[in-house]
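A short write-up of the structure that comes next.
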Amino acid sequence: MTVDRAMPEMVATLVTPGASEWLALSDELLAGLVHELNNRVTALSVCAELAGLGDLEMVKDGVLQSEVARLHRVSALIGCLSARGVAEALDIGPVLDDALAIHSHHPRMRRVECTVRVEVGMHTVRAPRWALLRLLLVMVDAAKGGAQEAGRDSVSIELASDRECVRLKSDARGNDGAYAIEMAAVCGGVLLREPDSLLLTLPSLLEVRRRERTARGST
């Protein structure tokens with residue numbers, strides 16, 4: 001089915017190519033996040049019970065505030081998974097940080113570490129944040145899955161950019177499925193397979209604006 005990318009929020013409700021890939025991954029991620037959410041609720045319940053008994057040490061030591069902050073963080077990560085929002089100017093680094101934080105709760109891949117190398121002076125992109133997050137989650141999953149199968153405990157991701165484009169390169173097994181390719185297209189980019197990695201290329205915000213000016217000038 002052809003997806004109208006002028007309405008990116010509709011992508012999640014249509015028969016998107018490879019949607020079953022995302023469904024399987026998001027189910028595992030959600031299970032891990034809900035487990036973490038339950039842990040935080042339990043910890044806060046214990047704090048409240050102890051405070052009710054007159055034990056205020058956790059308040060003095062900042063334990064309660066720390067647990068509240070962790071609860072807010074996991075709640076925010078769960079909220080990131082919904083398909084809401086249109087294209088906007090984004091720094092890809094914070095979106096990748098959220099993807100790594102969400103994937104760190106994957107029930108079977110928590111022990112695989114991810115090293116990120118970021119070039120100084122990264123350019124911004126324009127994309128729906130939810131689509132970019134899902135794309136990065138699929139890429140992180142491919143990288144960690146490949147490392148796990150190979151018996152390695154770490155993977156690497158590289159971020160670089162110039163005036164024309166922003167590039168993200170990740171270690172990966174043979175997973176450049178239809179859903180990731182579709183999400184790359186929703187973000188205005190291209191996902192390609194290299195021998196031992198996946199390469200995502202997105203037009204920079206400067207390039208997007210240049211194209212828009214050119215299009216207006218030709219009409």
Side-chain angles (χ1 to χ4, degrees), residues 1-44 67-110 114 116 124-145 157 159 166 168 170 175-191 198 200 202-203 205 208:
M1 173 181 287
T2 300
V3 177
D4 182 2
R5 297 191 181 98
M7 300 180 64
E9 291 184 56
M10 293 298 295
V11 175
T13 62
L14 298 175
V15 184
T16 307
S20 60
E21 302 167 17
W22 170 250
L23 180 62
L25 174 57
S26 62
D27 183 70
E28 292 194 278
L29 296 176
L30 188 57
L33 287 167
V34 169
H35 178 74
E36 178 65 14
L37 182 65
N38 288 336
N39 286 344
R40 302 284 64 78
V41 171
T42 298
L44 283 172
E67 286 298 334
V68 169
R70 294 174 71 181
L71 178 63
H72 285 167
R73 176 58 173 159
V74 70
S75 176
L77 291 176
I78 292 174
C80 287
L81 292 173
S82 64
R84 295 292 184 273
V86 296
E88 59 182 307
L90 295 169
D91 291 324
I92 193 171
V95 185
L96 178 59
D97 289 342
D98 282 349
L100 292 172
I102 291 171
H103 204 280
S104 70
H105 297 288
H106 193 293
R108 295 181 290 102
M109 300 186 196
R110 293 178 180 177
C114 185
V116 179
T124 57
V125 299
R126 183 190 290 171
R129 196 180 197 280
W130 66 267
L132 181 58
L133 177 69
R134 292 185 179 192
L135 171 56
L136 297 181
L137 279 168
V138 173
M139 294 182 71
V140 169
D141 188 71
K144 288 190 174 184
I157 294 177
L159 279 172
V166 173
L168 185 148
S170 68
N175 187 350
D176 51 348
Y179 192 83
I181 292 172
E182 181 65 21
M183 289 299 102
V186 169
C187 295
V190 177
L191 181 65
L198 290 174
L200 170 64
L202 299 168
L205 182 58
V208 170

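- Listed here is the closest heavy atom pair of Arg129 and Pro94: NH2-O, 3.8 Å.
- For the atom pair Leu135 CG and Ile181 CD1, the distance stands at 10.0 Å (nearest 0.5 Å).
- The CG atom of Leu23 sits 10.5 Å away from the CD atom of Glu28 when rounded to the nearest 0.5 Å.
- In this structure, the separation between CG on Asp141 and NE2 on His106 is 5.0 Å, given to the nearest 0.5 Å.
- What you find for Asp91 and Val95 is that their closest heavy atoms are O-CG2, 3.7 Å.
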Candidate pair Leu136 and Leu132, rule side-chain contact (heavy atoms from CB on, under 4.5 Å), full reasoning: CA-CA 6 Å; Leu136 297 181; Leu132 181 58; 4.2 Å; yes
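- The nearest pair of heavy atoms linking Thr124 to Val166 is O-CG2, 4.2 Å.
- Taking both residues in full, the closest heavy atoms of Val125 and Pro203 are given as CG1-O, 3.9 Å, listed atom of the first, atom of the second, then distance.
- Formation of a donor-acceptor pair under 3.5 Å by the Ser26 side chain with backbone atoms of Trp22 is found in this model.
- Two residues are said to be in side-chain contact when any heavy atoms from C-beta on lie closer than 4.5 Å; Leu198 and Leu168 fail this criterion.
- Taking CG from Leu202 and CG from Leu90, the interatomic distance works out to 10.0 Å, rounded to the nearest 0.5 Å.
- Once rounded to the nearest 0.5 Å, the distance linking CG of Asp97 with CD1 of Ile102 reads 11.0 Å.
- Considering only heavy atoms from C-beta on, Leu191 stays 4.5 Å or farther from Met183 through its side chain.
- Trp130 contributes a side-chain N or O that, together with a main-chain N or O of Gly85, makes up a donor-acceptor pair within less than 3.5 Å.
- Nearest heavy-atom pair, Arg73 versus Asp98, reported as atom, atom and distance to 0.1 Å: NH2-OD1, 3.0 Å.
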Verdict with reasoning, Val138 to Arg134, per side-chain contact (heavy atoms from CB on, under 4.5 Å): CA-CA 6 Å; Val138 173; Arg134 292 185 179 192; 5.6 Å; no
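- When side chains are defined from C-beta on, Leu133 counts as touching Leu137, because their heavy atoms get closer than 4.5 Å.
- Taking every heavy atom of both residues into account, Leu100 and Cys114 meet most closely at CD2-SG, 3.7 Å.
- Looking only at distances, a side-chain donor or acceptor of Ser104 sits under 3.5 Å from a matching main-chain atom of Ala101.
- Contact of the His105 side chain with the His35 side chain is not registered, since no non-hydrogen atoms from C-beta on lie closer than 4.5 Å.
- Arg126 has no carboxylate O lying under 4.0 Å from a charged side-chain N of Glu88, or vice versa, which leaves the two without a salt bridge.
- Remark: Leu200 CG to Ile92 CD1 distance equals 6.0 Å, nearest 0.5 Å.
- Pro128 places a side-chain heavy atom less than 4.5 Å from the side chain of Val186.
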